Each structure stands twice: as C-alpha cells, then as structure tokens.
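As structure tokens, the structure follows; a few thoughts come after it.
Just so it is clear, the structure is predicted and the values come from calculations on it, not from any experiment. Protein chains get the first letters and strands the later ones, always in sequence-line order, with residue 1 at the start of each.
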Amino acid sequence: MSGENVPPLIAAQLNYLINHFPLTVKIEQMWSGSKYYPGTLDRFTLAIPYCLDFLRWDVIYDAESPFSAPDVIFGVEDERFPPFLLMGGEGGGFLKSPKNCFSDWNSKDPTRLMFLVQQLRDQYKSYQNRRVGEVDDDRLKFEISTIIHREGIEMHMISGFEKPEEVKFAVPLMDMDINKMVPGCPWRHPQKIYLQVIYPVGKKYVSTPSAPRLKLFSTSELKALFSIEDVKLPVWVDGMCMAEYLPHLEESLEKQVLEAVTLIDVRRHFIEALAVLFGRPLEADPVFGRRTTFLAGSGVFTFMVHFFIPTQFPRQQPVLMLQSSQHFNSHGAPIKSHHLTDCPWSPRWEPSQMAERIFEYLVDEALNFKRYCNEAQLQH
Amino acid sequence: MGDHPLQKIAISGPTLASLIQRFSFSSGAVDGLLFGHVTHIAPSNLSDDMPSSTASDSSPLVATITGFICSGTVNSFYDSAGRVDAPALTRLLGSDSDEHRSLIGWFSGRRRTQLRPSLREFSVTASLSSKTDLSFPVRNAPIATNLAPCVFVLFGSPFQDQTIHTHEYRAHQFRTSAQSFESISIDIVNIGPAFRGHYGSFSPNSPFPLMHCEMRTSPMSEDRDDESLGQRKRVSKIQRELDMCAEGLEVGDLRRLVGPQAVNYTAGVEDLYEKMLTKIENLARLVEKSSAKVLEQENHNRNLRLKVARSAGLE
C-alpha cells in the first residue's frame, strides 16, 4: 500500500485492518473521489474471504471530510443484505443496535475500520445462514440440522439470473492446530483444510437427489507442508449425508497431515546427508526443508545446485537445477539448467545413499552443463 | 400510509441540470432534499386487449420533482448510521411549509463510485420513508392516499476514467413493504415543439415569496388600525425598497397601459425596463464577485481541513 497518497487517518485504519484482521483481507483497488486532490486515495475495494470465496465491498471515505465514517457499497448480488442489516437478525437489525461501529465513529482510532469489517462480515454470515435456512429443500434442511454445530462452518446461497440455485458450504475439517505441529512455524494465520460442498437446490419432482459437488481447499501457506491436490476424496455414495461422509474424510486427512509433518524431518536428514558430500549449504529452508542450495565445482567451473524437495519426499524424488556462477546470458542473468529429474533414485535408499548417487550423477552432469553454458554464451 | 408503486419520476430539464450542476461544482460528496408532488393520473390509453402490463406500468402515480435543497455537504440530516436526525431535517426544511411542495425524497451525489445505493443511503431512505409525520397526500387521487418521502435519486460520476460522459444518475423508490429499492425511470420534461403537449400538462412552480405589503392607493388600508406599529414600519420599509426599484412609477399607473393613452406611455415603461435590466446586470456582477470570494474562502477552508487531518494522523 502506498502510504503517501492515502490521508493519514485512513491509512492508519487500513494498515490496522490488513495487519490485525484474523483473515487475509486484500485491497484490490484504490482510487480517488476528490475533485481538487485527484491523487488522494480515499476509496477502495476490499476483498474479504468468506465461504472459500471473496466478498468485494467498496469502502467509501471522503477526503473532503476525513473525520466522517466511511460508507460501504456491497456487491450487486447482495441487495437484500442492507435490509437485513436494518431489520433482520437478533435484536432487530444491526444498524439499529447501539453497538454498531457507525454510531460512534472515531476517525482517530485506527482499529475502527477493522471492527466495522468484522461486524459487517459477522452480519453477512448470519444473513447467509438465514437465506440458506429459508430454502425449501428437505435434504438441505436435514444436512444443516446435522452440521450447523460445527465450529467455523460457513454457507452461501448462490442464485442468479438464469443460474440454478445452489447452496455452498465451507466446512473446516479436523479439529487440529496444524500451526502448533510445525516446529518454528512461520505462519501468521492458522492453517486449515476445508471441504467445499455445493448442493443443487432440489426440484420437488426429482426422487433421488443428486450428489453434491465436493472439493478440498486449504489456506495458501499450507502448501509448503501438505498439498491437498494429492488427496483422493472418498466416494459419495447415493443417499449419503455429510454427517456420514465427513468423519471418514477427516480420519484419512488427519493421517496424511501427521505423515506430512513427519516428512519434514526426513527432508532435513536428506539435506544433512547432502551436506556431508557438498559441504555447508548456501541456503536451506529451515522450517519445511523444501529447498536447499549448495555450491559445487568441477575443475575451475563453479556452479550452484538448487534442490527442490517435494512434500511427498521421499516417495517423489527431488528436482535439481544447476546455475552457473561464471556464465551469463545477454540480459546479465546467470545461466541455469532445466529442471533435472533423471537422477538415479529409490525411495528405499538411506539418505546417505541418496546423496551419494546424486553426487555421482552431478559429476557427469556438470560437464554437460558446462558445455551447455559455453554454447549459450557463444550465441551472444 | 400506503406503499404505492410509482410509475415514473418527472423532472424538468432545468431542475435536473441545476441539481447536476450543484453536484459537479461541489468539492466533495453532497446530499439534499427533493421537493415536489405525486399526482394520480388517469390512464390515457384505455384499451380492452392489453391486460398484461407490469405493476409499475399500470401504476397511476407520477412523482414530479419541482425543487430541491442541496446541503453542499454530506450527513446533513442524518447520522453516520443513516438515521434521520429530526431537528436537523426541520432546520434544513425551513419554517415555511408550503402546500405546493412536499418533501418527496432526497438525493445523494458522490464521485467515482458504483451507481448503486450504499448502505448508508439505504438506511437514510428507509428511515425517511418510515416517518409518518412527513407523509403527504397524493393529488387527484380517487381515494385519499398518503405517501411518505420515498424517492431517492443517486448522482455519480463515472467509475472508469475512459468514459466520455461526465455524470450519471439513477432514481429509486423505496418500498416499505419489501424494504427494498425499486428502479424508477426518470422522465425529463423539456420545452420544445416535440414536448409541447407534454409541457402543457406539466406545472413546475416556484412560488413567489410572500410579501406583506399593501398598496397605498387602496382605500381599505385607512380602516386597518389594528396593525402594530412595528409591522407598519416593516411594511413601509419594504414599500420604500419597492419604490426605489419602481423609480417613481406607481402600480396605479399601469392602468394607463390599456386604452387610448397607452401609446404615449409605453416609452416610459420601456425606459423603466431598461433601467431594471441594467440593475440586474449590476446585481449579476455583484453575485459573481461574491461567489469568487466564497470560493476563495472554501478553498482556504479545505486546505485548513486537510492540514488538521494530516496533523491528527501524525499524532
């Protein structure tokens, strides 16, 4: 965020929102609505995560009256949300409650915008819960009654012009704190895996309801440890309900995550074994052991060896890339090899044997790479 | 108080232009009140074979905007949660209640935003529509009907920079039963041959301010001794001012415009008009100068405000 062009009071609130909101809020767009100071950015679009998607809300401040509370414009599809804020919900409407953030706006309090977004998102959640609750579909009503108690579950009614009505659930899986399981965990936000379940809203005359569409999601930083793309979802049997499906899925996922955590040590041992032959690494990923770089030489030719170690290591072999320290292309960037995946490999080898075989492989490969570098440089 | 759909909103070209002008010349976002009336019109296209028309098409109610007050700022009659502040609204409305113009709604103008009602605008309109004391009768209604101030007109400037137009507007009616906005078309009533029939049925009105002054020539005035001295003084002051404008010409003299002596008299009246025009010109120049001063002061204020905001942010 460019702090210079945002009026200081607004900048303070935005910064607080970005740094302290429990979820990752993004500013998608910032622009100016000022006539005389077109460089003063006083309105912006926030992308707020909700139900594995984003709510895009325009927050409108006014540079002309910097002490006033901002206004909010919701998405086109949420035109029933303001009436809910006015009338619906507990206590007869958020806007009427004295606790709402607008009522005693204090522009000098940097926490205000964050609390406003928090309050509105909470309201949006109950608004969607009510919309989904109003859907006249027996299966859905049953599903909701069995899973509504799960902590953190979110739902979203999807309806639109010439679009079939659907109800989307985002179900947080596994009651385990993955952040705590990783020693030296660098993640600021708690990492979670979610199951997205999309139910078509039933037509009354269909006797057997179709299976919901299922997809796994995870928070983005979790990818360093565990890739949900490798998970095979259990089959949804006809007539099944979520309460039956979820325990099996959670059990198998739990095992896989625990395994992924133990694999961190396996990768670390591998890097340590490499260090015996290559010397101290230039760089190594200390938390997850996913990357490391060594300096190597063949005669006078010195080059770096980058190791990319997959989450599935040792079942999947590491990927190597060589980078010359002496050859540069026309743009002045060091010449690099392609990803090398053909080094000898067996997951059953001891780490020391893995390292030895890679070392031997590189003795030959270094010559190929040197030739490749010389040729590449000659062309320029 | 019912919740009747409006068919359309009529506004004269000059009124709309002046609204847009106020918005586009303001430094920031603005809001204000809309005045006018809602009239029940008899359906003109009576036919037997078109039973399927939409609800708003068949609605006989047309809202006409005849005037407005622009506050020049925002939050002028409501708080930041969008609740109408009754004393502030009364202040803005002024003491004059006029049967020709009722408060029929409000407007908001904001630059470079989506042309959709915001949360606060929704709340303000809902709050205004729920004020039963503000409801006004529908004209020519076969059954006595009252309507609350439910019109909301949103002005904006384009969100993207590349567009060729400079402003946009959209009108809404707030329906209390559904608690939602309904888009209403705006019908701009203009002068011109194509609009003649149209304009004939349209009656914009800007009422002449009430002036309590009497004609001295009236013999009736001699009899009225019950007036207080203060009022008399005031009246004579107004009369003096009027006399200054009339420059010796008396209302009674206008009688001479008709009849045989008119020919001699027209020159005198024309002379008077000329003098009046010069005066108006002078007045216009005066207004121009004071406007420039006001603008200068506004710019100064804006700079001060900005300075305050910056120093507050640095604390």
Side chain, backbone, both or neither: which part of A/F81 has a heavy atom under 4.5 Å from chain B? neither

Please state whether the side chain, the backbone, both or neither of A/P66 comes within less than 4.5 Å of a heavy atom of chain B. side chain

Rounded to the nearest 0.5 Å, how far apart are CZ of A/R80 and CD of B/Q179? 8.0 Å

At a heavy-atom separation under 4.5 Å, does A/D58 approach chain B through its side chain, its backbone, both, or neither? side chain

Nearest heavy-atom contact between A/D71 and B/E121 is OD2-N, 4.3 Å

In this structure, are over 12 heavy atoms from other groups packed under 6.0 Å from A/K141 atom NZ? yes

Note: B/S27 and A/Y36 closest approach over all heavy atoms is CB-CE1, 3.3 Å

Residue by residue, scan residues 113-121 of chain A and write down, ordered by number, those that have a heavy-atom distance under 4.5 Å to chain B; if none do, write 'none'. A/L120

With a 4.5 Å heavy-atom cut-off, do A/F74 and B/S118 have their side chains touching? no

Between A/S103 and B/R83, is a side-chain hydrogen bond (donor to acceptor under 3.5 Å, both in side chains) present by the stated rule, with each step listed? CA-CA 10 Å; A/S103 291; B/R83 283 168 298 216; 3.0 Å; yes

Quick one: does A/F102's side chain get under 4.5 Å of B/D79's, heavy atoms only? no

Specify the closest pair of heavy atoms between A/S65 and B/V74, including all atoms of both residues, with the distance to one decimal. OG-CG2, 4.3 Å

Is a side-chain donor or acceptor of B/R120 paired with a backbone partner of A/P70 at a separation under 3.5 angstrom? yes

N/O donor-acceptor pair under 3.5 Å between A/W31 side chain and B/R112 backbone: yes

Under 3.5 Å donor-acceptor, B/R116 side chain and A/I73 backbone: no

Between A/D62, A/V76, A/I10, which has the largest tally of heavy atom pairs under 4.5 Å with chain B? A/V76

Would B/R111 and A/D42 satisfy side-chain contact (heavy atoms from CB on, under 4.5 Å), going step by step from the backbone distance to the final call? CA-CA 11 Å; B/R111 284 201 180 80; A/D42 57 354; over 6 Å; no

Bottom line for B/S157: the part with an atom under 4.5 Å from chain A's heavy atoms is neither

Under a 4.5 Å heavy-atom criterion, the part of residues 16-25 of chain B in contact with chain A comprises B/S24, B/F25

More than 12 heavy atoms from other groups under 6.0 Å of CD on B/E296: no

To the nearest 0.5 Å, atom OG of B/S80 lies from atom CG of A/N100 at 8.0 Å

Nearest heavy-atom contact between B/R305 and A/E64 is NE-O, 2.8 Å

For B/S180 and A/E79, run side-chain contact (heavy atoms from CB on, under 4.5 Å): C-alpha distance rounded to whole Å, both residues' side-chain angles, the deciding distance at 0.1 Å, then the answer. CA-CA 8 Å; B/S180 69; A/E79 58 170 8; over 6 Å; no

What is the distance from atom CG of B/N75 to atom CH2 of A/W105, rounded to the nearest 0.5 Å? 12.5 Å

To the nearest 0.5 Å, tell me how far B/Q114 CD sits from A/R56 CZ. 12.0 Å

Contacting moiety of A/L86, where chain B heavy atoms sit under 4.5 Å: side chain

At a heavy-atom separation under 4.5 Å, does A/Q29 approach chain B through its side chain, its backbone, both, or neither? side chain

